[in-house]
Amino acid sequence: MKINLANIKKAKNLLNKEECVAIPTETVYGIAGNAYSDSACEKIFSLKKRPKNNPLIIHYYNLKKLKGDCDFNDDFLKLYEKFCPGPITFILNQKKTSKISKVATNKKKTLAVRFPRHPVARNLLRCLKFPIAAPSANISSRVSAVTSTDVKDDFGKKIKFVLEGGRSSVGIESTIIDLRKKPKILRLGGLEVGVIQKILKKKISIKINPPKISAPGQLRIHYSPGIPIRLNAKKIKKNEAILLIKKSKINKTNYYFLSKKGNLKEATKNLYTILRKIKKDNYKSIAVGKIPNKGFGKTINDRLLKASKF
Ligand code: TXA
Ligand code: MG
């Protein structure tokens, strides 16, 4: 896509003034603010109605810019080399001298860091003197935004500026991996665990539903389109939409499919758009058909399970 430099400049000016702007990333749109500024980070929490104890992901242009804030380790460097910029977030130890706002981290000694691949986000990050704190650009507990229209639907005039970046190509949040000790996945996302495993060549544990919630991406209610979702539903209710992994022979208006032929990557990309569309089309609930529980199918099932707790 062609980059509009005037828009990037506008976003940069607002961020320099400790204001928030929405930015595109390849995973989902984010509500961005200066990660070194308490005031900017406070604005992010209040805009999103996000609980203060849920820390924000910090976005960097490259390793050089991260050096002052975090300790690196071998696993991190291997994954950075292979997948960054891209849809993966690392939990690392923060340096004592780190300038990241304590509001962004809820005073945690760790930091969630990410290097987005989207050219507009990269262009912006390259010309800023600080990293960007950015949670997904949706109201807390709701479906993330994958277009600028989604962001405007959720925030209206409350957000000063939405930087246009087209539709997010991955369409689901980044995979979060804790690399402080043995690698541990905290959130399934836009990068498959299998490909991470191949690079690290060691066992990776998956801790996406811990009994005690330590990272609220793990909150039970999340990613909700604002109407009930029923998994493995046998009978269809009145005013209900049916969500299927692939196109069905039944050609009714309440049938929605995530991918024409059941491709799981494509289905992941379409998930949030279709959930939002069903709500806009005025259905009162969603019945979901079975989705294969492998690769990206696991990410889709994780999101739908959490959304079904609405
Ligand atoms: O793809 C993404 O990651 C998007 C785009 C905008 O970059 N961002 C995103 O942010 O999904 P958010 O705030 O919606 O989700 C961030 C998750 C939360 O579940 C939060 O609890 C977790 O990251 N997190 C942040 N800092 C953490 C930390 N130090 N330790 C563990 N989890 C952390
Ligand atoms: Mg989120």
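Whatever order the structure lists ligands and atoms in, that order sets their numbers, starting from 1.
Among the atoms of T27, some N or O lies under 3.5 angstrom from an N or O of ligand 1. Here's the thing with S174: one of its N/O atoms is less than 3.5 angstrom from an N/O atom of ligand 1. Checked against a 3.5 angstrom limit, the closest N/O atoms of S136 and ligand 1 fall inside it. At under 3.5 Å, a nitrogen or oxygen of H59, whether backbone or side chain, sits near a nitrogen or oxygen of ligand 1. Considering backbone and side-chain atoms together, K108 places no N or O closer than 3.5 Å to any N or O of ligand 1.
Contact atoms of ligand 1 toward I91: 27 (C), 28 (C), 30 (N), 31 (C), 32 (N), 33 (C) (distance under 4.0 Å to a heavy atom of the residue). Within ligand 1, counting atoms from 1 as listed, the ones closer than 4.0 Å to a heavy atom of A134 are 6 (C), 8 (N), 10 (O). Within ligand 1, counting atoms from 1 as listed, the ones closer than 4.0 Å to a heavy atom of I57 are 3 (O), 8 (N), 9 (C), 10 (O), 16 (C), 23 (O). Listed by number with element, the atoms of ligand 1 under 4.0 angstrom from any heavy atom of G30 are 6 (C). Each of the atoms 10 (O), 12 (P), 13 (O) of ligand 1 lies under 4.0 Å from some heavy atom of P135. Which parts of ligand 1 touch N54 is read off a 4.0 Å heavy-atom cut-off, strictly below it: atoms 18 (C), 20 (C), 21 (O). When each atom of ligand 1 is checked for a heavy atom of E173 under 4.0 Å away, the hits are 1 (O), 11 (O).
In this structure, K99 satisfies the cation-pi test against Y36, with its NZ or CZ atom closer than 6.0 Å to the six-membered ring centre and inside 45 degrees of the ring normal.
Looking only at protein N/O/S atoms, the ones less than 2.8 Å from the Mg ion (ligand 2) make 1 in total.
There is no side-chain donor-acceptor pair under 3.5 Å between N270 and T273. If you check the side chains of S144 and E173, you find a donor sitting under 3.5 Å from an acceptor.
Applying the salt bridge (Lys or Arg N to Asp or Glu O under 4.0 Å) test to E26 and every residue at least two apart in sequence or in another chain returns R114.
We find the CG-CZ distance between D75 and F90 to be 10.0 Å, quoted to the nearest 0.5 Å. In this structure, NE2 on H59 lies 12.5 Å from CZ on R122, to the nearest 0.5 angstrom.
Legend: ring pair (Phe, Tyr, Trp, His ring centres under 6.0 Å) pairs involving residues 165-196, not counting sequence neighbours: none detected. Evaluation of the ring pair (Phe, Tyr, Trp, His ring centres under 6.0 Å) test over residues 106-137, restricted to residues two or more places apart or in two chains, returns Y80-F115.
Residue E240 is tested with K235, K284, R230 for a salt bridge (Lys or Arg N to Asp or Glu O under 4.0 Å); the sole match is R230. Among T149, D154, D153, D281, the single residue meeting the side chain to side chain donor-acceptor pair (under 3.5 Å) criterion with R276 is D154.
Applying the 6.0 Å contact sphere to NZ of K95 captures more than 12 heavy atoms from other residues, nucleotides or ligands.
Not a single donor-acceptor pair under 3.5 Å links the side chain of D71 to the backbone N or O of N73.
Contacts between T105 and ligand 1, counted as non-hydrogen atom pairs separated by less than 4.0 Å, are absent for every part of the residue.
When all heavy atoms of L111 and Y60 are compared, the closest pair comes out as CD2-OH, 3.8 Å.
Residue-ligand proximity: P116 is placed with every non-hydrogen atom at 4.0 Å or more from ligand 1.
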